[in-house]
Amino acid sequence: MDNSRQLPAMVRTDHGEANRRILAKETPTDFRRVEAAAITRRTSLHSAEGKRLFVRFFYVLQSRVYYISTIGRTRKSHQEIEALELQIKQAIADASKLIDRLMDAMEQRLKESSIDAVASFTTTPMEEDVAIVSAIGRRYFELIHKLDQLMPLLQTLEIEELVTETELDRMRAKAKRITGRPASLARLLADRLRMEMRDPGPTALPAAVATGLDEAAPAGSDAGISACSDVLALAQTAAVAAPVLPVGRSEPTLPELASRAAESSAAASMANGTARSV
């Protein structure tokens, strides 16, 4: 469906400037690590919402899905990766169902009001050859174009005063939010998977603790173990000597605990000396 409209010569029209502004505002997605084969599809987006969502999210989703499906399988089981892929597919399916329901409802309202003409756009459509590298990418490509078809229906209802501007804004925001959700979910899952793959393991010490032990004792010596035991004993002594805090007081810091432990040790030494002199 061609939603573009030609205006009379007295009006200065868009000749691709709107598309260039949209492309200039977004940072290009790093697609250099995606080494998969791709099929080529051509976009045909007319609405500002469809164009912006496509530029902002389409290649982001594809790059994250490639990381999950291809690179993730080198370190994780197939079952784990399939569970992540299923979450993204379900998000796309949920968004597609919602947009289908909105389109059916809008078309029904137009039919009941005997309105046949649908609003069209005067800006140049965004028509680009894009690479699709996965089935999830193909589904998301179709979802964005479905959103693009919904936008002129919503605008028609507002022009014909079948909905208010507030209702239009709410429906548009809901459709945009649920369309962008699969890409945001793919980014979150890919980042979490990357962190899990880089995790050294649950038994490793934090970097700050390991550095402190290494500086306290040479490699291969038992001094670090004895020093650690002394620190634990000091902390336990300080914890016993520490009074119960009233409500609203913060817990003492480690230097305060060490000072209290030293004071307790000094008091005990003085008591022992006094007892011996007597």
Side-chain angles (χ1 to χ4, degrees), residues 1 3 18-19 22-23 25-27 29 41-69 81-111 118-121 123 125-126 128 130-159 162-193:
M1 180 176 61
N3 287 325
N19 294 339
I22 292 173
L23 292 170
K25 288 182 179 180
E26 299 298 332
T27 303
T29 303
R41 292 282 180 88
R42 190 165 182 81
T43 63
S44 182
L45 300 168
H46 296 78
S47 69
E49 294 80 8
K51 294 175 182 179
R52 288 190 173 91
L53 284 171
F54 181 83
V55 173
R56 186 174 303 167
F57 291 127
F58 179 68
Y59 280 110
V60 170
L61 177 134
Q62 288 218 101
S63 64
R64 300 310 192 275
V65 168
Y66 176 82
Y67 184 88
I68 293 171
S69 300
I81 298 302
E82 288 172 359
L84 299 180
E85 293 173 338
L86 183 60
Q87 292 184 52
I88 303 173
K89 291 178 181 178
Q90 188 61 48
I92 295 175
D94 292 342
S96 182
K97 290 178 182 177
L98 174 64
I99 293 178
D100 284 340
R101 289 198 300 268
L102 285 173
M103 291 183 68
D104 292 340
M106 299 304 102
E107 290 175 350
Q108 182 64 29
R109 294 189 67 174
L110 291 174
K111 183 177 181 181
V118 178
S120 58
F121 298 92
T123 54
M126 181 178 287
E128 301 285 343
V130 298
I132 299 177
V133 299
S134 67
I136 295 178
R138 176 186 56 78
R139 294 187 186 188
Y140 197 55
F141 179 90
E142 296 169 353
L143 173 64
I144 294 177
H145 282 77
K146 189 176 293 187
L147 171 84
D148 187 67
Q149 296 172 9
L150 172 66
M151 291 299 112
L153 295 176
L154 295 177
Q155 194 67 48
T156 303
L157 291 176
E158 192 274 331
I159 293 172
L162 298 179
V163 296
T164 64
E165 185 69 30
T166 300
E167 292 172 335
L168 173 66
D169 186 65
R170 288 175 180 172
M171 288 186 288
R172 183 189 290 129
K174 185 176 183 179
K176 289 167 57 179
R177 183 170 59 253
I178 197 169
T179 303
R181 183 176 179 274
S184 300
L185 178 62
R187 177 186 296 163
L188 174 65
L189 295 177
D191 291 345
R192 186 181 301 169
L193 178 63

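The heavy-atom pair separating G137 from L61 by the smallest distance is CA-CD2, 4.1 Å. Taking all atoms of both residues into account, the shortest heavy-atom contact from L143 to P182 is CD2-CG, 4.4 Å. In plain terms, the two heavy atoms of I132 and S134 that are nearest each other are CG2-O, 3.4 Å. When all heavy atoms of E107 and L153 are compared, the closest pair comes out as CG-CD1, 4.0 Å. Residue Q62 comes nearest to A131 through the heavy atom pair NE2-O, 2.6 Å, listed as atom of the first residue, atom of the second, then distance. Across all their heavy atoms, V65 and A186 have their closest contact at CG2-CB, 4.3 Å.
Every residue two or more places apart in sequence or in another chain that forms a salt bridge (Lys or Arg N to Asp or Glu O under 4.0 Å) with R138 is listed here: E142. Looking at residues two or more places apart in sequence or on another chain, you find a side-chain hydrogen bond (donor to acceptor under 3.5 Å, both in side chains) between Q90 and D94. Partners of E165 by side chain to side chain contact (heavy atoms under 4.5 Å, CB included), not counting sequence neighbours, listed by chain and number: E158, L168. Shown here are the side chain to side chain contact (heavy atoms under 4.5 Å, CB included) partners of A175, two or more places apart in sequence or in another chain: L102, L147, L150, M151. For R56, the side-chain hydrogen bond (donor to acceptor under 3.5 Å, both in side chains) partners at least two apart in sequence or on another chain are E26. For K146, the salt bridge (Lys or Arg N to Asp or Glu O under 4.0 Å) partners two or more places apart in sequence, or in a different chain, are D100. Taking R42 as the reference, D129 meet the salt bridge (Lys or Arg N to Asp or Glu O under 4.0 Å) condition, with sequence neighbours excluded. Looking at residues two or more places apart in sequence or on another chain, you find a side-chain hydrogen bond (donor to acceptor under 3.5 Å, both in side chains) between S69 and E85. With sequence neighbours left out, E49 forms a salt bridge (Lys or Arg N to Asp or Glu O under 4.0 Å) with R172. The ring pair (Phe, Tyr, Trp, His ring centres under 6.0 Å) test applied to F57 returns no partner, not counting sequence neighbours. Partners of S47 under the side-chain hydrogen bond (donor to acceptor under 3.5 Å, both in side chains) rule, at least two apart in sequence or in another chain, are D148.
Relative orientation of the Y140 and F58 rings is parallel, given thresholds of 30° and 60° on the angle between their planes.
Summarising the geometry, atom CE belonging to M103 is positioned 12.0 Å from atom CG belonging to L98; distances are rounded to the nearest 0.5 Å. With rounding to the nearest 0.5 angstrom, the CG atom of L45 is 10.0 Å from the CD atom of E128. Remark: I92 CD1 to T179 OG1 distance equals 10.5 Å, nearest 0.5 Å.
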Verdict with reasoning, L157 to R109, per side chain to side chain contact (heavy atoms under 4.5 Å, CB included): CA-CA 8 Å; L157 291 176; R109 294 189 67 174; 4.2 Å; yes
Derivation and outcome, side chain to side chain contact (heavy atoms under 4.5 Å, CB included), residues R101 and K97: CA-CA 6 Å; R101 289 198 300 268; K97 290 178 182 177; 4.0 Å; yes
Test log, rule side chain to side chain contact (heavy atoms under 4.5 Å, CB included), inputs V55 and M126: CA-CA 10 Å; V55 173; M126 181 178 287; 3.9 Å; yes
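R64 is not listed as a side-chain neighbour of L188, based on a closest heavy-atom distance of 4.5 Å or more. With a 4.5 Å cut-off on side-chain heavy atoms, T43 and F141 count as touching. Between R170 and T166 there is a side-chain heavy-atom pair separated by less than 4.5 Å. A 4.5 Å side-chain heavy-atom check between L110 and L162 finds at least one atom pair inside the cut-off. With a 4.5 Å cut-off on side-chain heavy atoms, L193 and I81 count as touching.
Within the 3.5 Å criterion, the main-chain N or O of P152 finds a donor-acceptor partner in the side chain of T156.
Residue pairs meeting the salt bridge (charged side-chain N to carboxylate O under 4.0 Å, His left out) criterion with at least one partner in residues 183-193, sequence neighbours excluded, are D191-R194.
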